Amino acid sequence: MEERDGGFRKETVDRLLRLHFRDRRTRVNGDAQLLMAEMLNIFVREAAARAARQAQAEDLEVVDIDQVEKVLPQLLLDF
């Protein structure tokens, strides 16, 4: 289906949202899907940027999962 500038597909966003719905009949508006896709895109970009800054602070040339794990707690608090 649709993909926006390397972002998340509508099906992916819809499935992520439905993981937390209690009523299977709950419907998601197309605008809500677009908004959630944008939020996910911002979250992922911010995580990557923070992990890159962490790697630079540790004088590393490559970002590894260790840097992502170090920035994740504050990232989750910020969002």
Side-chain angles (χ1 to χ4, degrees):
M1 284 196 96
E2 280 185 43
E3 189 170 323
R4 299 179 49 229
D5 301 330
F8 291 88
R9 292 187 305 210
K10 278 187 171 183
E11 298 93 12
T12 303
V13 174
D14 191 54
R15 282 191 174 184
L16 286 171
L17 289 172
R18 290 184 185 284
L19 286 173
H20 301 286
F21 291 159
R22 294 184 183 172
D23 186 357
R24 290 183 172 257
R25 296 176 294 164
T26 302
R27 300 177 71 189
V28 180
N29 179 319
D31 289 339
Q33 284 180 336
L34 289 175
L35 179 63
M36 191 62 199
E38 186 63 25
M39 287 288 296
L40 287 168
N41 198 16
I42 291 168
F43 182 83
V44 169
R45 287 177 187 240
E46 184 65 23
R50 290 185 188 197
R53 282 194 300 271
Q54 180 67 32
Q56 285 178 340
E58 296 176 8
D59 292 326
L60 299 173
E61 294 181 14
V62 178
V63 176
D64 197 357
I65 191 68
D66 295 330
Q67 287 75 44
V68 177
E69 288 175 347
K70 288 177 183 176
V71 300
L72 191 59
Q74 186 63 46
L75 178 66
L76 291 172
L77 288 173
D78 291 344
F79 270 80

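If you're wondering where the values come from, they're calculated on a predicted model, not measured in any experiment.
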**Student:** Leu77, Phe79: one ILVMFWY side-chain cluster at the under-4.5 Å cut-off?
**Tutor:**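 Leu77 does not cluster with Phe79.
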**Student:** Is there a path of hydrophobic side-chain contacts, each under 4.5 Å between heavy atoms, that joins Val13 and Val44?
**Tutor:**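 Both belong to a single hydrophobic cluster.
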**Student:** Atom OG1 in Thr12, atom CZ in Arg15: separation rounded to 0.5 Å?
**Tutor:** 8.0 Å
**Student:** Do you know the tightest heavy-atom contact between Val71 and Gln54?
**Tutor:**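 Answer, listing the atom of Val71 first, then Gln54: CG1-CB, 3.9 Å.
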**Student:** Closest heavy-atom contact between Glu58 and Lys70?
**Tutor:**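 The pair with the smallest heavy-atom distance is OE2-NZ, 2.7 Å.
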**Student:** Could you measure the distance from the CD1 atom of Ile65 to the CG atom of Leu72? Nearest 0.5 Å is fine.
**Tutor:**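 Answer rounded to 0.5 Å: 8.5 Å.
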**Student:** Heavy atoms only: give me the nearest Val63-Ala52 pair and the separation to one decimal.
**Tutor:**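 Looking at all heavy atoms of both residues, the shortest contact is CG2-CA, 3.6 Å.
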**Student:** Would Phe8 and Asp14 count as a side-chain contact (heavy atoms from CB on, under 4.5 Å) if you check the C-alpha gap in whole Å, the side-chain angles of each, and the deciding distance to 0.1 Å?
**Tutor:** CA-CA 10 Å; Phe8 291 88; Asp14 191 54; over 6 Å; no
**Student:** Quick check: does any side chain N or O of Gln67 sit under 3.5 Å from a backbone N or O of Asp64, one acting as donor and the other as acceptor?
**Tutor:** yes
**Student:** For the atom pair CE (Met36) and NZ (Lys10), what is the distance rounded to the nearest 0.5 Å?
**Tutor:**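 So the CE of Met36 and the NZ of Lys10 are separated by 15.0 Å.
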**Student:** Report yes or no: do Ile42 and Leu75 belong to one cluster of Ile/Leu/Val/Met/Phe/Trp/Tyr joined by side chain heavy-atom distances under 4.5 Å?
**Tutor:**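 Cluster IDs for Ile42 and Leu75 match.
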**Student:** Under a 4.0 Å N-O cut-off, is there an ion pair linking Arg50 with Glu46?
**Tutor:** yes
**Student:** Taking it one step at a time, do Leu16 and Leu40 satisfy side-chain contact (heavy atoms from CB on, under 4.5 Å)?
**Tutor:** CA-CA 10 Å; Leu16 286 171; Leu40 287 168; 3.7 Å; yes
